[in-house]
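Okay, so here's the structure we're looking at.
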Amino acid sequence: MSNGVHSVSQTSFSGGRLVRLLGELQLLNGAPEVDFAERLARLFDLSDTVALDAANGHRASGPFLAGDKDRQRLSADLAKTRDKLLAGLTRAFEPEQLGTRNGLPAPVADYDPYQQFYVARQRQLTAGLQPLRVRLRGALSDASAAGAQLAELDTVFDATLTAYARRGFGAIPRLLARRFEALKPDGQQRLLEENTDDPATWMAPGGWLHRFTGEMQLLLLAELEARLEPLRGLLDALYKEVRDRT
């Protein structure tokens with residue numbers, strides 16, 4: 001679908017595609033840069049530090065059985081999972097899905113249904129990716145002693161950063177409320193109540209709601225890519241450990 005984002009100012013924000021999009025949509029408040037290691041350290045309490053220390057000291061003795069066939073299978077599974085989630089996000093925004101259980105809400109001047117829609121898509125991303133991350137860790141543990149240590153470290157980071165990531169991703173649908181209100185014309189609700197407006201026109205190309213939902217789709221696609229990064233890192237590590245062992 002046409003998204004209308006091309007007219008958004010190209011303000012420069014550091015970070016990945018998701019952060020850049022949030023910046024372009026003027027949904028980020030400028031914050032002073034803080035050293036990444038310092039920010040990361042603030043997320044760990046004493047129990048997390050103990051777990052991290054234990055993971056650093058983890059030494060597996062094998063036998064190490066994971067090979068290139070396991071890596072290839074997991075690589076294919078990752079691609080399949082990404083394609084499935086991508087297809088689901090694309091399908092949810094198709095015009096024929098409008099107003100259905102899995103599609104965009106029917107056009108309304110209230111943001112709440114769109115927030116619920118976004119949160120539901122986020123839950124689908126989490127449910128689709130987490131089991132594969134666990135499987136990748138298992139294969140890495142079975143690849144080498146160094147791989148097993150990396151898998152332990154990822155387990156600790158995953159557990160520690162889950163709440164932090166949930167807050168970060170969870171802030172996006174709340175931030176989008178500002179964008180929704182910025183795009184919605186003044187007096188939109190009054191026009192509806194006076195029966196002088198047709199909500200169907202909002203979703204026509206060039207309509208304010210058409211633009212908003214296009215921007216929302218771009219954010220969800222960027223969020224999918226951001227959520228895939230840890231899994232791709234595990235797969236790259238698995239490739240290296242299997243290659244070095246053989």
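One finds no salt bridge joining Arg17 and Glu24 here, because no Lys/Arg side-chain nitrogen approaches an Asp/Glu carboxylate oxygen to under 4.0 Å. A salt bridge links Arg73 with Asp70: at least one charged nitrogen is closer than 4.0 Å to a carboxylate oxygen. Using a cut-off of 4.0 Å between Lys/Arg side-chain N and Asp/Glu carboxylate O, Glu181 and Lys184 are scored as salt-bridged.
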Report task. Decide yes or no on side-chain contact (heavy atoms from CB on, under 4.5 Å) for Arg135 and Leu74, but give the supporting numbers first. Result -> CA-CA 8 Å; Arg135 288 176 55 209; Leu74 285 166; 3.6 Å; yes
Requested in this report: Start with the C-alpha gap between Arg137 and Leu234, add the side-chain angles, then the distance that decides, and say whether side-chain contact (heavy atoms from CB on, under 4.5 Å) holds.
Outcome: CA-CA 7 Å; Arg137 281 202 295 257; Leu234 289 171; 4.0 Å; yes
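Applying the side chain to side chain contact (heavy atoms under 4.5 Å, CB included) test between Leu140 and each of Arg71, Glu241, Lys240 identifies Glu241 as the sole match. Considering Asp154, Leu136, Asp236 in turn, Leu136 is the only one that fulfils the side chain to side chain contact (heavy atoms under 4.5 Å, CB included) rule with Leu231.
Taking the centre of each ring, Phe169 and Tyr118 stay at or above the 6.0 Å mark.
With values rounded to the nearest 0.5 angstrom, Leu228 atom CG is found 11.0 Å from Leu235 atom CG. Rounding to the nearest 0.5 Å places CG of Leu218 at 11.0 Å from CG of Leu89. Going from atom CG of Leu183 over to atom CZ of Arg211 covers 5.5 Å, rounded to the nearest 0.5 Å. With rounding to the nearest 0.5 Å, the separation of CG in Leu78 from CG in Leu129 is 8.0 Å. With values rounded to the nearest 0.5 angstrom, Leu221 atom CG is found 7.5 Å from Phe93 atom CZ. The line from CG of Leu219 to CD of Gln217 is 10.5 Å long, rounded to the nearest 0.5 Å.
The shortest distance between side-chain heavy atoms of Leu176 and Gln115 does not fall below 4.5 Å. Using a 4.5 Å cut-off on side-chain heavy atoms (C-beta onward), Thr201 and Pro107 make no contact. The shortest side-chain heavy-atom distance between Arg227 and Leu85 does not fall under the 4.5 Å cut-off. Under the 4.5 Å side-chain criterion, counting only non-hydrogen atoms from C-beta, Arg178 is not in contact with Leu25. No side-chain heavy atom of Lys84 sits less than 4.5 Å from a side-chain heavy atom of Gln124. Annotation: side chain of Arg121 is not in contact with side chain of Met216 (no heavy-atom distance under 4.5 Å). Side-chain atoms of Glu152 and Gln149, non-hydrogen and from C-beta on, never get closer than 4.5 Å to each other.
In plain terms, the two heavy atoms of Pro105 and Pro113 that are nearest each other are CG-O, 3.5 Å. Considering all non-hydrogen atoms of both residues, Pro173 and Val119 come closest at CG-CG2, 4.0 Å. Leu175 and Leu27 make their closest contact through O-CD2, 3.4 Å (heavy atoms, listed as atom of the first residue, atom of the second, distance). Nearest heavy atom pair, residue Gln72 against residue Asp68, reads NE2-OD2, 2.5 Å. Looking at every heavy atom in both residues, Val242 comes nearest to Ala66 through CG2-O, 4.0 Å. Minimum heavy-atom separation, Gly170 to Gln122: N-NE2, 4.3 Å.
Taken together through direct or relayed side-chain contacts under 4.5 Å among Ile, Leu, Val, Met, Phe, Trp and Tyr, Val134 and Leu132 form parts of separate hydrophobic clusters.
Judged as a ring pair (Phe, Tyr, Trp, His ring centres under 6.0 Å), and not counting sequence neighbours, the contacts of Tyr114 are Phe180. Annotation: side chain to side chain donor-acceptor pair (under 3.5 Å) contacts of Thr81 (sequence neighbours excluded): none.
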